[in-house]
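Got a structure for you, written out below as structure tokens; questions coming shortly.
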Amino acid sequence: MAGTDDTVAEDDALFVLTAVLLTPAQFPSVLGDDYVAACGALGLEPYAEGYGLVLGQDSGGARWTVVVDDVSMVAVAIASWDCGMEYDLSPDDRSVVCALPGWPLALAVAAPGVPAPHDPLPDPEVEGEPLTPLAPPDTEVWGPAQRRLGADEIALQWAAWREQIDDETAFGASAADGRGEAAPDGSRTGRKSPAREAGTGDEPAGEDAAGGKTAEDGPAGNSLSETGEASGQHPGVRRALEAARAYVTSPPPPGRIRSAFAPGGARTLRVDGPGWSLVARTDDIAFVLLDDEPGEIMTVGRGPELPGLLKSLDELAVRPS
């Protein structure tokens with residue numbers, strides 16, 4: 001995919017609505033499991049310095065994502081907005097890499113005084129196939145993008161999700177000896193992944209009202225065993241933990257392991273791989289989401305092996321500067 005060289009259209013202003021970073025340490029996970037994949041989804045070279053993505057509308061209301069190489073400017077704008085301060089983010093032509101139709105993220109805001117947000121029409125003067133407008137993932141289906149979005153939300157709202165797990169599940173006998181014994185609720189949080197919260201409500205039979213599997217559905221991933229074959233451990237969770245352990249000896253592409261600040265000197269880890277996402281606190285437990293288990297959140301208890309794995313992953317992780 002290659003964008004137009006013009007910001008939006010000649011002599012047309014971009015009404016900026018928001019911006020996000022696209023760097024090895026921070027990028028919209030809807031775009032891919034790692035930084036290289038995220039850049040590839042936008043047709044960009046995965047330069048180490050990264051990019052800024054500026055989302056806005058033109059004077060006709062069309063959605064545009066403008067890619068800029070002035071990462072510092074975009075980072076300052078985001079930090080200012082997060083603090084409730086005004087910041088006029090106006091990329092100049094020299095910093096613009098390309099402009100892509102559409103938005104990769106769902107926005108609940110729109111520019112005042114222009115038509116409602118819509119995808120731009122193809123430019124008849126541009127040769128070749130028109131670019132397919134970027135669009136956020138459909139929250140009513142489950143797939144890699146929704147799995148990563150769910151993991152991101154758990155990382156952001158860690159305390160709310162963590163309080164649903166009792167100490168027996170997190171630190172009890174099954175977590176300590178690696179037996180992988182199922183907790184009373186099946187070692188699941190009893191809730192849908194955050195990426196499924198906006199679902200239709202037509203949940204399949206066998207799920208509780210909140211969307212989580214009931215205890216009768218059987219055990220889920222609980223703790224990390226030395227052999228990875230703990231009795232009752234969900235096979236998808238076991239595969240995810242084995243893949244995460246393999247990262248320690250064979251580092252994955254940049255951005256597949258990310259580390260962010262957490263209270264008490266801990267770090268919040270986000271780790272992704274084909275078909276799975278892991279969220280963890282280095283001083284606590286982990287959650288795993290799988291492509292093969294739509295909307296489900298699996299708990300991995302602390303146990304004797306998990307702390308060492310998380311420490312090793314954190315040492316490999318890309319951190320925001």
Between V109 and L134, is there a shared hydrophobic cluster once you connect ILVMFWY residues whose side-chain heavy atoms come closer than 4.5 Å? yes
Please round to the nearest 0.5 Å and tell me the distance separating atom CG of L269 and atom CG of D284.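 It comes to 12.0 Å.
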Test salt bridge (charged side-chain N to carboxylate O under 4.0 Å, His left out) on D292 and R147; report intermediate values, then the result. CA-CA 10 Å; D292 293 339; R147 177 247 302 163; over 6 Å; no
Can L22 be reached from V318 by stepping across I, L, V, M, F, W or Y side chains whose heavy atoms are under 4.5 Å apart?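 In one cluster: no.
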Consider only side-chain heavy atoms of I, L, V, M, F, W and Y, link residues closer than 4.5 Å, and tell whether Y35 and V20 are in one cluster. yes
Exercise answer: donor-acceptor pairs, residues 67-82 side-chain atoms, under 3.5 Å, sequence neighbours excluded:
from	atom 1	to	atom 2	distance (Å)
D70	OD1	M73	N	3.1
S80	OG	V76	O	2.8
W81	NE1	Y87	O	3.3

Under a single-linkage definition using a 4.5 Å side-chain heavy-atom cutoff for Ile, Leu, Val, Met, Phe, Trp and Tyr, are L100 and F15 assigned to the same hydrophobic cluster?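 No, separate clusters.
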Give a yes or no answer on whether the side chain of R63 reaches the backbone of Q57 with a donor-acceptor pair at less than 3.5 Å. no
Taking only distance into account, with no hydrogens and no angle test, what donor-acceptor pairs under 3.5 Å do side-chain atoms of residues 40-55 form with protein atoms, sequence neighbours excluded?
from	atom 1	to	atom 2	distance (Å)
Y51	OH	E45	O	2.5

Between the side chains of R267 and T282, does any donor sit under 3.5 Å from an acceptor?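 Judged by distance alone, the side chains do not pair up.
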Rounded to the nearest 0.5 angstrom, the CG-CG distance for L278 and L290 is 10.0 Å
Which heavy atom in D34 sits nearest to a heavy atom in P254, and how many Å separate them?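 Taking D34 first and P254 second, the nearest heavy atoms are CB-O, 3.5 Å.
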Output, in order, the C-alpha distance, side-chain angles, deciding distance and verdict of salt bridge (charged side-chain N to carboxylate O under 4.0 Å, His left out) for D272 and R148. CA-CA 8 Å; D272 291 304; R148 293 188 295 264; 5.6 Å; no
Return yes when atom CD of E86 has more than 12 non-hydrogen atoms of other residues, nucleotides or ligands closer than 6.0 Å, and no otherwise. no
Please name the residue in the list W276, W161, W158 that meets the ring pair (Phe, Tyr, Trp, His ring centres under 6.0 Å) test with F287. W158
Set of residues satisfying side chain to side chain contact (heavy atoms under 4.5 Å, CB included) with respect to P137, sequence neighbours excluded: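 P137: side chain to side chain contact (heavy atoms under 4.5 Å, CB included) contacts with V30, A145, Q146, L149.
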What distance separates R258 CZ from T268 OG1, expressed to the nearest 0.5 Å? 12.0 Å
If we count only N and O atoms by modelled type, under 3.5 Å, do the side chains of D152 and S29 hold a donor and an acceptor together? yes
V16, V114: one ILVMFWY side-chain cluster at the under-4.5 Å cut-off?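 Different clusters: V16 never reaches V114 through Ile, Leu, Val, Met, Phe, Trp or Tyr contacts under 4.5 Å.
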Using 0.5 Å steps for rounding, measure from the CD1 atom of I154 to the CZ atom of R270. 9.0 Å
